Structures are given as structure tokens and as C-alpha cells.
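I have placed the structure first, in the form of C-alpha cells, so that the comments after it can refer back to it.
Numbers for residues simply follow the sequence, beginning at 1. Please read all numbers here as calculations on a predicted model, not as lab measurements.
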Amino acid sequence: MNLILLNTDDFVNTQEAVLKGRRCQHITEILKASEGQVLRVGLINGKIGEAHVLEVSPKQVRLEVQLSDHPPAKNNAVVILALPRPPVFKRIVASAAAIGIEKLVVLQTRRVEKSYWQSPALDSKVIHEQILLGLEQAGDTILPEICLRKRFKAFVEDELAELTKGRMSFVAHPEGPAACPCNIRKPFVLAVGPEGGFIPHEIEMFKAKGFQCVSLGDRPLRVEPAFHMLLGRMIRA
């Protein structure tokens with residue numbers, strides 16, 4: 001936890017916050033903080049700053065908070081992701097938040113098992129927890145937008161044009177004629193398929209909306225390494 005995230009509900013007055021539960025446990029057991037120690041904190045969707053520890057107990061930690069710095073800028077990236085297996089989905093949500101993408105659209109495609117949508121991993125509270133883990137890792141406070149879309153055709157026909165407006169658009173495909181670009185300096189949208197990839201009809205629908213097929217090479221990859229390798233290349237260092 002490189003940044004302790006605070007909610008507005010944590011504040012008992014304008015400068016004093018009381019933390020319980022997981023964050024209290026981390027401060028007391030991992031950081032082993034004592035009275036007077038200074039911690040790095042940030043307000044969710046707000047600024048970053050420092051907190052002086054006023055009181056430490058096994059059940060709660062009381063902090064004096066001063067927020068002064070802006071969080072790091074988001075990367076100008078939107079990712080469309082075919083829903084992967086639930087454990088992978090949870091890890092990717094945390095990674096997406098840590099990487100700093102603006103928006104993650106999770107999509108049903110032909111090769112996605114429909115039963116995945118019944119998983120507790122898609123519960124809004126679970127998704128929020130994974131986002132917080134990613135933000136804590138990256139020292140960020142701004143929540144990315146996570147959208148769930150169960151109808152591929154409706155999403156492509158009704159929402160994709162607006163989503164891609166003013167952005168370069170790419171769809172990852174092992175048979176893509178172009179190599180995945182590096183260090184893109186403009187806002188972009190990247191579509192990443194499921195295990196086995198998008199079916200040809202889905203690729204054609206993306207291409208009809210102006211998407212360029214790009215590839216990481218001849219080796220088919222699982223969703224999780226492909227997600228990280230693609231964004232590692234595309235996001236400007």
C-alpha cells in the first residue's frame with residue numbers, strides 16, 4: 001500500500017480522520033506506525049498529501065490530514081475487454097486502476113462463457129475493492145470508470161462511435177497485419193478479446209467502426225499477459 005486512501009466518511013472534522021478495518025490493520029501491523037509518524041494519504045477522487053498519526057490502537061487509527069497535491073494524470077487510454085475468467089477479471093481491474101486507464105468496458109463476446117456474468121467478482125463492491133487496491137499501489141486517487149456490457153452488437157452499434165470519438169482505435173488480434181504500436185502520444189481505445197480471441201464477425205464489426213487490427217506476434221497469449229503487454233507497449237513512458 002503506497003498510498004492510504006481516505007473516504008469523506010472517514011473525516012470527523014475538516015482535518016481529522018479515523019480509520020478502521022483493513023487500513024487500520026495495515027497501518028498498525030505492516031507499517032507499524034506510531035504516534036507522530038507521517039503517512040502518505042489521498043482522498044478518493046481528490047488530492048494527495050500527508051497525515052500525522054495522532055493515535056494508534058488495535059481497532060482504529062486517528063490521523064491529522066493535510067491534502068495539497070494533485071494525483072498523477074490518467075493515461076489517455078480506454079480499454080474494451082471481453083470478460084475473462086472471474087479471478088483474472090479481478091486482477092485486471094486492479095491493474096487497470098494502477099496503470100491509470102480512464103475507462104474499462106467489460107463486454108460479452110461469442111467466446112465468453114455466459115456463466116461468468118453470475119460471478120461475485122462482478123459485484124460492484126468487489127470491483128470497487130479491486131480498484132482501490134490498484135490505486136493504493138500506484139499512488140493515485142481517481143477512480144477509473146468500469147462499465148459492464150452484456151450485448152456485443154448493441155454496444156458496438158449504439159456506444160462505440162461516441163467512445164472512439166477523437167481517439168485512435170485498435171483491436172488486438174493474433175492475425176493482425178500490423179505490429180502493436182509503441183508509446184502512443186494520442187488518446188486511444190484498445191479492444192482485447194477473450195481466450196481464443198474475437199471471432200471473425202466481431203473483428204469485422206470493429207473494423208467497420210475504424211479499428212485497426214494489431215498483433216503482438218504469432219504466439220497466442222492468455223488474456224492477462226496480453227493485456228499487460230499491449231498496454232505496456234502502447235502507453236507513453
Is there a side-chain contact between Met229 and Leu221 in this structure, where contact means two heavy atoms from C-beta onward sitting under 4.5 Å apart? yes
Is there a side-chain contact between Phe152 and Ile199, using heavy atoms and a 4.5 Å cut-off? no
Side-chain contact, heavy-atom cut-off 4.5 Å: Lys32 with Gln37? no
From Ile4 CD1 over to Arg23 CZ, what is the distance, rounded to the nearest 0.5 angstrom? 9.0 Å
Any side-chain to backbone donor/acceptor pair from Asp140 onto Pro71? Under 3.5 Å, distance only. no
For Ala97 and Ile131, work out which heavy atoms get closest and say how close. CB-O, 3.5 Å
Mind checking the NZ-OG spacing from Lys209 to Ser169? Nearest 0.5 Å is all I need. 11.0 Å
Which pair of non-hydrogen atoms, one from Val223 and one from Pro194, has the smallest distance, and what is that distance? CG2-C, 3.8 Å
Can you tell me if Arg111 uses its side chain to pair, donor with acceptor, with the backbone of Gly196 under 3.5 Å? yes
Would Ile27 end up clustered with Met1 when hydrophobic side chains under 4.5 Å apart are linked, directly or stepwise? yes
Verify the cluster assignment for Val41 and Leu132: are they in a single hydrophobic cluster under the rule of side-chain heavy atoms below 4.5 Å apart? no
Same cluster or not: are Val61 and Leu31 linked, directly or through other Ile, Leu, Val, Met, Phe, Trp or Tyr residues, by side-chain heavy atoms under 4.5 angstrom apart? yes
Backbone of Cys180 reached by a side-chain donor or acceptor of Arg233 within 3.5 Å: yes
Flag side-chain contact, heavy atom, 4.5 Å: Leu19 against Leu6: yes
For Lys90 versus Gln130, what's the shortest heavy-atom pair and its separation? O-OE1, 3.4 Å
Start with the C-alpha gap between Ile80 and Leu160, add the side-chain angles, then the distance that decides, and say whether side chain to side chain contact (heavy atoms under 4.5 Å, CB included) holds. CA-CA 10 Å; Ile80 300 168; Leu160 198 54; 3.6 Å; yes
When rounded to the nearest 0.5 angstrom, what distance separates CD1 in Ile92 from CD1 in Ile99? 9.0 Å
Compare all side-chain heavy atoms of Val105 with those of Val189 and state whether any distance is below 4.5 angstrom. no
Linked, directly or transitively: Val78 and Phe198 (ILVMFWY side chains, under 4.5 Å): yes
Counting N and O atoms only, with roles assigned by atom type, does the side chain of Asp123 sit under 3.5 Å from a partner on the main chain of Lys125, one being a donor and the other an acceptor? yes
Are Ile146 and Leu190 joined in one hydrophobic group, where the rule is that I, L, V, M, F, W and Y side chains link up if heavy atoms are under 4.5 Å apart? yes
Check: Pro72 and Ile48 side chains under 4.5 Å, non-hydrogen atoms: yes
Just wondering, more than 12 heavy atoms not from Arg110 lying within 6.0 Å of its CZ? no
Go through the steps to decide whether Thr141 and Leu135 satisfy the test side chain to side chain contact (heavy atoms under 4.5 Å, CB included), and finish with yes or no. CA-CA 6 Å; Thr141 64; Leu135 294 180; 5.8 Å; no
Between the CZ atom in Phe89 and the CD1 atom in Ile127, the distance rounded to the nearest 0.5 Å is 4.0 Å
In terms of side-chain geometry, is the basic nitrogen of Arg22 or Glu136 positioned less than 4.0 Å from the acidic oxygen of its partner? yes
Chi angles and distances behind the side chain to side chain contact (heavy atoms under 4.5 Å, CB included) call for Lys47, Asp69: CA-CA 5 Å; Lys47 291 185 176 182; Asp69 303 328; 6.0 Å; no
Quick one: pull up CG in Leu63 and CD in Glu50 and give me the separation to the nearest 0.5 Å. 12.0 Å
Count the heavy atoms belonging to other residues, nucleotides or ligands that lie under 6.0 Å from CZ of Arg151, then report whether that count exceeds 12. no
Could you grab the distance from atom CG of Leu81 to atom CG of Leu148, nearest 0.5 Å is fine? 10.5 Å
Glu55: partners by side-chain hydrogen bond (donor to acceptor under 3.5 Å, both in side chains), with sequence neighbours left out: Arg62
Taking the side chain as every heavy atom from C-beta outward, state whether Leu107 and Val112 have any atom pair closer than 4.5 Å. no
Glu102 vs Arg167, salt bridge (Lys or Arg N to Asp or Glu O under 4.0 Å): CA-CA, chis, key distance, verdict: CA-CA 13 Å; Glu102 296 178 8; Arg167 295 176 179 271; 2.6 Å; yes
I'd like to check Glu224 versus Pro84 (side-chain heavy atoms, cut-off strictly below 4.5 Å). Are they in contact? no
For Glu202 and Thr109, indicate whether the former's side chain and the latter's backbone hold a donor-acceptor pair under 3.5 Å. no
Go through the steps to decide whether Gln108 and Lys114 satisfy the test side chain to side chain contact (heavy atoms under 4.5 Å, CB included), and finish with yes or no. CA-CA 8 Å; Gln108 171 69 31; Lys114 292 183 179 180; 3.8 Å; yes
Quick one: closest heavy-atom pair of Ser57 and Cys24, and the distance? O-SG, 3.8 Å
I need the minimum non-hydrogen distance between Gln212 and Ala178, along with the two atoms involved. NE2-CB, 3.4 Å
Whether Gln25 side chain and Glu29 backbone form a donor-acceptor pair below 3.5 Å: no
If you take all heavy atoms of Val171 and Phe211, which pair is closest and at what distance? N-CD2, 3.9 Å
For Lys74, look at atom NZ and say whether over 12 heavy atoms of other residues, nucleotides or ligands are found less than 6.0 Å away. yes
